[in-house]
Number of protein chains: 4
Amino acid sequence: MSSNSRTPRPGRPRSQERRLAVLRAAADLALEDAALPTMDAIAARAGVSRTTLYKWWPSAPAVLLEGLLEHFHESIEFDDTLPVRDALTGQVDALVHLLRDTAAGTLLRRLMAASSSDRAVAEAMLDTWLHPRREHALHHLRRGLADGSVRAGTDVELVADALFAPVYHRLVWAHAPLEDDLAARIGALVWAGIGTP
Amino acid sequence: MSSNSRTPRPGRPRSQERRLAVLRAAADLALEDAALPTMDAIAARAGVSRTTLYKWWPSAPAVLLEGLLEHFHESIEFDDTLPVRDALTGQVDALVHLLRDTAAGTLLRRLMAASSSDRAVAEAMLDTWLHPRREHALHHLRRGLADGSVRAGTDVELVADALFAPVYHRLVWAHAPLEDDLAARIGALVWAGIGTP
Amino acid sequence: MSSNSRTPRPGRPRSQERRLAVLRAAADLALEDAALPTMDAIAARAGVSRTTLYKWWPSAPAVLLEGLLEHFHESIEFDDTLPVRDALTGQVDALVHLLRDTAAGTLLRRLMAASSSDRAVAEAMLDTWLHPRREHALHHLRRGLADGSVRAGTDVELVADALFAPVYHRLVWAHAPLEDDLAARIGALVWAGIGTP
Amino acid sequence: MSSNSRTPRPGRPRSQERRLAVLRAAADLALEDAALPTMDAIAARAGVSRTTLYKWWPSAPAVLLEGLLEHFHESIEFDDTLPVRDALTGQVDALVHLLRDTAAGTLLRRLMAASSSDRAVAEAMLDTWLHPRREHALHHLRRGLADGSVRAGTDVELVADALFAPVYHRLVWAHAPLEDDLAARIGALVWAGIGTP
DNA sequence: GTCTAAACGAGACGGTACGTCGTGTCTTCGG
DNA sequence: CCGAAGACACGACGTACCGTCTCGTTTAGAC
């Protein structure tokens, strides 16, 4: 373990300023315009050559995804002291506010669009965004099964979707707003179905 | 009988053959390739000039959306003789199979992507796709409130989302398949929350 | 000869108002913009349908040419009482002022351009514009040969060109202005070469 | 000798092969068809993308003009040993044959047409075509004034036009052919007006 | 201090699709 | 038969991004 973990390679090292400038430019552009930013636009905004962009990222959505993660890396903490229902509701509530009150909602919607025609982006989004959150919910649901607060035989996979899907649904279709109490109402509905009396 | 419904307007009438050829071409292309067709491609496939396309539709997604409706116009019937739960579950089940077993799923996903950067498409999709289905569900939920099969005070707006959202969620993220019994499981979960004993 | 010379044909007769509106519209447009008017624009300006335009004229330059003749039909009078030199110089002078002081110059230049790719226009321009004026000059030159004011053996064809060509040359190339005394100077130069002492 | 004339600029250098292929394609197309080539056609013939064309030239006539100069760059030599009249007549004669016997005549006529609606082309043609030839003629005329072979007080500007204008006149109107002896006859006519006895 | 290899900038280039304009033709109805 | 209204195919336009390529320049660390 004594070895320097950062293997120094010969040649000029990658510039961190430029990397961050690119990520910030991509995010900014995605918010300003009503469309995915283009590689050209990102390069121009970041003051970086297109060559450099293509060197490090395969596509504009890929840049944007990394930008999203860079800025919204809310760490997911497993707090097992909370009652299961509160832990789950809190998680949904955090998502509602993140999507509604920050830029994450817009960025995420654009990325979901891009993922429909770019398999690499789709998988990256599953790995870095959806799966971690889903695993978190599944963890608490299984905890509930263990401690008896969740009815035995509950279909946890489906419940995980039932908790989050309405939020993404409203983000994508925009047929109804993301209300303040949305998480609480979802929690009440689902808990009525799976909670023990 | 003076009620000649066809008001003859001056000028050469629009060719219905061409219109249908365009809609069919758009749908066909969308299925073959795994991407939204371009205006160029639609025109070439339909044997129609690009000018004509732009005369009648503002964008490629707009053509595709109309083509989709033309080919998948499964009429929504309000069958009030069924028990509320069965009516709702049946509706969800129809959606699951439509999205999974026909091309509608792929097309819909692409159109949802396009709607994220094209307000007109977004509104057209709400009007022609989501709202009719949602209204259908709301109708049955209100019927359940009336006949006592749905618990008084139930948040029907939220329940409508809770029924459909998991299906679209899996369509968009593809983190889990649209199983055969998905509708039944969603129905069971939701009904446990809102059904009267 | 007693018969009515205007043969009345069956059907609705051609509207003279529309014809003149078209010619006027073509000429006006040619002056306003710095380009040949299009069929579309002429039709719109004249309040006439494109169908009607194509019925009576084969192309936009053809309309414009007729419009030009309609508005600038300065009648060419053969005044044989004037000395030959004065008659010729006067003719050139009239051309200089017509091209410089009226819209005819601009229109003519545009039509000459069109004639380079439209044989019909080219021939119409020769017949209605250049040949009449050239014949006029040749008439006076032959008169000069007869009355002895023009040197015997003079190449009248060439002289006719030498008189007019410099004027058109400056119109087309615009490398030098059409001065007030241009006709007089051309006359002096040519007369020094062909006049009898 | 530090005079390294080739200043290496950053970025990929412009491909000379492509540039020449474009110029050659433009000229070839103009000769084959009896019309100005389009950007599309030039690009296709030259095996070059339209983007590249638009990068270097603003319009099709601009390409053609450059192509014309590339292929017909008959160098103008100032031979002051010849008598002034012979020098001028020889210049006109060269023009007559160039316009009549090579493709230059057709091309030039088309370009003159284009120049009537494209200021940039008009100026380029003046700079690269007319002015050099006119200056050449003026040079000899002034030499004639100096050596006494041209009458004192001669209007050299007008004479320069009088020499060339008839040639362009016949090229443009095509009312009479460019005969073999045309230059000689123009020379005789003009010289009768300006020569010293 | 040089050497070296990667990062980086600048810009040319071939593509694909875009949305528009003008042309000329055709189709249908009304005066 | 004249004329209006409008659909339609075609060809060209000029632009926007794309992804790739060829250059030359910069820069940190290794020797």
*Please work out which residues in residues 53-64 of chain B have a non-hydrogen atom less than 4.0 Å from an atom of DNA chain F and list them by number.*
B:K55, B:W56

*With a 4.0 Å heavy-atom cut-off, tell me which residues in residues 38-52 of chain C come close to DNA chain E, sorted by residue number.*
C:T38, C:M39, C:D40, C:R50

*asked:* According to side-chain hydrogen bond (donor to acceptor under 3.5 Å, both in side chains), who are the partners of B:T106, at least two apart in sequence or on a separate chain?
replied: none

*Pairs in or reaching into residues 114-128 of chain A: which pass side chain to side chain donor-acceptor pair (under 3.5 Å), with residues at least two apart or in two chains?*
A:S115-B:R109

*Does anything in residues 109-122 of chain C reach DNA chain F, meaning a heavy atom under 4.0 Å, and if so which residues?*
none

Report, one line per pair, each donor and acceptor closer than 3.5 Å where one atom sits in a side chain of residues 59-66 of chain A; sequence neighbours left out.
| from | atom 1 | to | atom 2 | distance (Å) |
| --- | --- | --- | --- | --- |
| A:S59 | OG | A:A62 | N | 3.4 |
| A:E66 | OE1 | A:W57 | NE1 | 2.7 |
| A:E66 | OE2 | A:R19 | NE | 3.2 |
| A:E66 | OE2 | A:R19 | NH2 | 3.0 |

*More 5' along DNA chain F: A:P37 or A:R18, using each one's nearest nucleotide?*
A:P37

*Distance-only donor-acceptor test (3.5 Å): side chain A:R12, base E:dA6*: no

*Nearest heavy-atom pair of A:P37 and A:L29: which atoms, and what distance?*
CB-CB, 3.7 Å

*asked:* Run the salt bridge (charged side-chain N to carboxylate O under 4.0 Å, His left out) test against D:D40 and tell me which residues pass, sequence neighbours left out.
replied: D:R50

*Separation of D:E17 atom CD from E:dG14 atom P, in whole Å?*
11 Å

*Just jot down the side chain to side chain contact (heavy atoms under 4.5 Å, CB included) partners of D:V172, sequence neighbours excluded, or say none.*
C:M112, D:M112

*Consider the side chain of D:P13, meaning its heavy atoms from C-beta on, and name the nucleotide among E:dT28, F:dC8, F:dC23 that approaches it most closely.*
F:dC23

_Under the salt bridge (charged side-chain N to carboxylate O under 4.0 Å, His left out) test, residues paired with B:E32 that sit two or more places apart_ = B:R45

*Does D:L31 have any side chain to side chain contact (heavy atoms under 4.5 Å, CB included) partners at least two apart in sequence or in another chain, and if so, which?*
D:A103, D:L107

*Starting at CG of D:L36 and ending at P of F:dC13, how long is that distance when rounded to a whole Å?*
11 Å

*For D:R24, enumerate each residue passing the salt bridge (charged side-chain N to carboxylate O under 4.0 Å, His left out) test, keeping only those at least two apart in sequence or located in another chain.*
D:D28

*To the nearest angstrom, how far is C:Q16 atom CD from F:dC2 atom P?*
13 Å

*Under 3.5 Å: donor-acceptor pair, side chain of B:R110, backbone of B:A30*: no

*asked:* The criterion is side chain to side chain contact (heavy atoms under 4.5 Å, CB included); which residues satisfy it with B:S49, sequence neighbours excluded?
replied: B:T51, B:T52

